[in-house]
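Below is one structure, written out as structure tokens, with a few remarks after it.
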Amino acid sequence: MTSVRLRLLILALTPLIVLMPLLLILGMSRWTADYDKVLIANVESELKIANQYLSRLLAQTGDELDAVAGSVEFSHWLGRPGTELATFFDSTRKQLDLDFLTFLPIEAAIEAGEDWPVIARASRGSSSVEIDVFSNARLATFNDALPVRTQVPLVDTPAAVPTDRKIEDRGMVVHAASPVNLNGTRGVLVGGMLLNRNLDFIDTINDLVYLNAATGGDRQGTATLFLDDLRISTNVRLFEDIRALGTRVSAEVRKAVLIDGRTWLDRAFVVNDWYISAYQPITDSFGERVGMLYVGFLEAPFAEAKRAAFWWMLAAFFAVLALSAPVFLWLARGIFSPLERMTKVMHRVGKGELSARIGRVPARDEIGAVAQHLDWLLEQVQERDRQLRSWNDALNQRVDQRTAELREANEKLEQTFRQLVMSEKLASIGEITAGVAHEINNPVAVIMGNVDVIRQTLGENAEPVATELALIDRQVSRIEVIVGKLLKFAAPSEFSDCEHNIALRPLVQDCLVLVDHLISRGGVEVHCTFEEVPPVRADSGEVQQVVVNLVVNAVQAMQGAGRLDLHLAEAERDGVAGVALSVSDSGPGVPDDLLGSLFDPFFTTKPGEGTGLGLSISQTLIQRAGGIITVRNRAEGGAAFTVWLPQTPEDGDDP
């Protein structure tokens, strides 16, 4: 059904899917081109504003200088001594916001006019204002501070024309000269404003040009004054608060503006980002192109706007496409009605209603044939379901029978496990009695017999060696204690399931007595730290078997002299109070990849020497008492086994 719907939907929507993207591409291409033209036109108008401000600055400087040159006050000061005249010039220079102001007598003006057209025109009686480039030495003749302001270190700029220069020390100056003819004194009044590092000048241009926040807000609009291809005054940022003074324009822009004399109106990479840029050449009084005036704004916001418009149109296309699909399906519902009936029937069958049928379908086409065939298949499915239910009943009977057999086999397995517990315990006893047989049976008989002979032979003369004989008696008593502990360990309590309150401290000490011969023979140093702990409820024989097994394993792991640490203390596990016994050795430890298999039945690290059931049975015995055995490798070396058992409840009296 889905396939038919999809195919019909594709046939209906193919013209929309194919033609609409083409129309979108054509429309976006045309709109993008027009949008770029608007941006170029905008930056061109901003360049005109910046150029008008520069022209107004030149005109204002010339007018103000003409006003001073023809003023009565200047006439009054002109005849005074040089120091007083210098004071007047300094005060007037500050009022006019100039960097230097000086008076040249007519002879000196004519001589200077040979080098500077501005002064030459003023000496002939015409005021003149131009942009000129002064050398560092000429600026020093006006003011010692000016050469310092002109020095701009060159910053290595990608795409700029390669150069060996390290610093720019020339100065770009608004150079103005006005003729003076007062009281019979003729000459030229010369003034100038240094544009290098003149941030007030460039920030004023930026504020005038970028009043519109759309292009100038948040430092997006920038203005720059270039000396040749070097930024000497700019509000372009190299970093957050560092202006890009000393950076240079790209070689492509330099050729177009300074060499070819064209105005650049296009996108350009400025320092560290793309800008919609406008560059205009600046000529000096000699008619030479000596610099550039630049304005521009970030391209990124407008590129983002174009992308947003594109995504908006794309979303609109998909919205139209999504709306067209349900409209088409609504118009074609007469075709899909039989298919919907089939869907409902299959849904009912999926829920287990196998008797559901489609019934007669008015359509006599392929859809009607499919509906009839589906009803026939449902009949077959219902019949197969009846057969499966019959087979399922028979299978359940067999499962019940096999479950009973499995339960019986499980009981036999439990009995076998109990026998394995006994076998493992007997194996431990055999390990101990191997030494006891040698150390107890024969020596005891010899010692006891010889002591009696000594006493009978010496009679009253045995008094001098009474102490030694008493010592022998005590050692024989110690042997009897060892034998008693061994017999207690061998008592078959596994089959009694008798749990009672036991104190672990004396039980562990008894276990150490049982394996003392193994410890002494191996030269193992035993350190015990036993804290006062509450009793636990367990079978003492089973716990004793576990402790002996862990101690024997630890002695065997050290294979000679070593240190055996036993620590007994209270411990809490998962919020349950209990007692923990830690058995640690100084052996090589357990390989990390074998830690997870250590408690598996028949797993052993000593093939041919053991059954591999010791730790598995020990874990089972401790778990049966409600505890657990864990193992870890110590950082200082060796393995540490910890036996944790829950303490006896306060009302758990020993019956």
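Keep in mind the model is a prediction, meaning the values are calculated, not measured.
- T648 places a side-chain N or O within donor-acceptor distance of the main-chain N or O of R537, the cut-off being under 3.5 Å.
- Surrounding CD of E405 are more than 12 heavy atoms belonging to other residues, nucleotides or ligands, all under 6.0 Å away.
- Closest non-hydrogen pair, V583 versus A554, comes out as CG1-CB, 4.4 Å.
- I502 approaches A538 most closely through the heavy-atom pair CG2-O, 4.0 Å.
- Counting heavy-atom neighbours within 6.0 Å of R389 CZ, excluding the residue itself, gives a total of 12 or less.
- Residue L550 is tested with V548, V547, V552, V546 for a side-chain contact (heavy atoms from CB on, under 4.5 Å); the sole match is V546.
- Side chain of T247 to backbone of V271: no donor-acceptor contact under 3.5 angstrom is found.
- Looking at L568 and V579, their side chains come closer than 4.5 Å, going by heavy atoms from C-beta outward.
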Between L514 and D510, does the side-chain contact (heavy atoms from CB on, under 4.5 Å) criterion hold? Intermediate values first, please. CA-CA 6 Å; L514 291 176; D510 289 346; 5.8 Å; no
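- Without hydrogens or angle criteria, S582 side chain to L566 main chain gives no donor-acceptor distance under 3.5 Å.
- Across P535 and N501, no two heavy atoms sit closer than the pair CB-CB, 4.5 Å.
- Looking at D400 and R402, no side-chain N of the basic residue comes within less than 4.0 Å of a carboxylate O on the acidic one, giving no salt bridge.
- Distance check: I622 CD1 to L581 CG gives 9.0 Å after rounding to the nearest 0.5 Å.
- A distance of 10.0 Å separates OG1 in T620 from CD in E542, rounded to the nearest 0.5 Å.
- Between A640 and S584, the shortest heavy-atom contact is CB-OG, 3.4 Å.
- The main-chain N or O of V590 is found under 3.5 Å from a side-chain atom of N633 such that the two form a donor-acceptor pair.
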Run the numbers on F530 and Q509 for side-chain contact (heavy atoms from CB on, under 4.5 Å), then give the verdict. CA-CA 10 Å; F530 295 155; Q509 291 172 337; 4.0 Å; yes
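- By the 6.0 Å contact criterion, CG on D156 is open, its count of non-hydrogen atoms from other residues, nucleotides or ligands being 12 or less.
- Residues E570 and E532 form no side-chain contact, since every pair of their non-hydrogen atoms from C-beta on lies 4.5 Å or further apart.
- Rounded to the nearest 0.5 Å, atoms CZ (R521) and CG (D516) are 11.5 Å apart.
- A donor-acceptor pair is defined here as one N or O able to donate and one able to accept, closer than 3.5 Å; such a pair exists between the side chain of W644 and the backbone of A571.
- Using a 4.5 Å heavy-atom threshold, the side chains of Q545 and I617 count as touching.
- Panel note: side chain R634, backbone D585; a donor-acceptor pair is recorded below 3.5 Å.
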C528 and L512: side-chain contact (heavy atoms from CB on, under 4.5 Å), yes or no, with the steps? CA-CA 10 Å; C528 297; L512 291 176; 3.7 Å; yes
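- R505 and E531 are not joined by a salt bridge, as no carboxylate oxygen comes within less than 4.0 angstrom of a charged side-chain nitrogen.
- The CG atom of L298 sits 13.0 Å away from the CD atom of E304 when rounded to the nearest 0.5 Å.
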Test log, rule side-chain contact (heavy atoms from CB on, under 4.5 Å), inputs V236 and R243: CA-CA 6 Å; V236 176; R243 303 201 184 211; over 6 Å; no
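- Residues L594 and P591 are in side-chain contact: their nearest non-hydrogen atoms beyond the backbone lie under 4.5 Å apart.
- Although no hydrogens or angles enter the test, the distance criterion places a donor-acceptor pair under 3.5 Å between the side chain of T157 and the main chain of V155.
- Separating the CG atom in L504 from the CD atom in Q544 is a distance of 11.5 Å, to the nearest 0.5 Å.
- Put simply, the side chain of L615 reaches to within 4.5 Å of the side chain of N553, judged on heavy atoms.
- Here the closest non-hydrogen pair linking E572 and A577 is CG-N, 4.3 Å.
- Rounding to the nearest 0.5 angstrom, the gap separating the CG atom in L518 from the CG atom in L564 is 11.5 Å.
- Remark: side-chain polar atoms of Q619 are paired, donor with acceptor, to backbone N or O of I629 under 3.5 angstrom.
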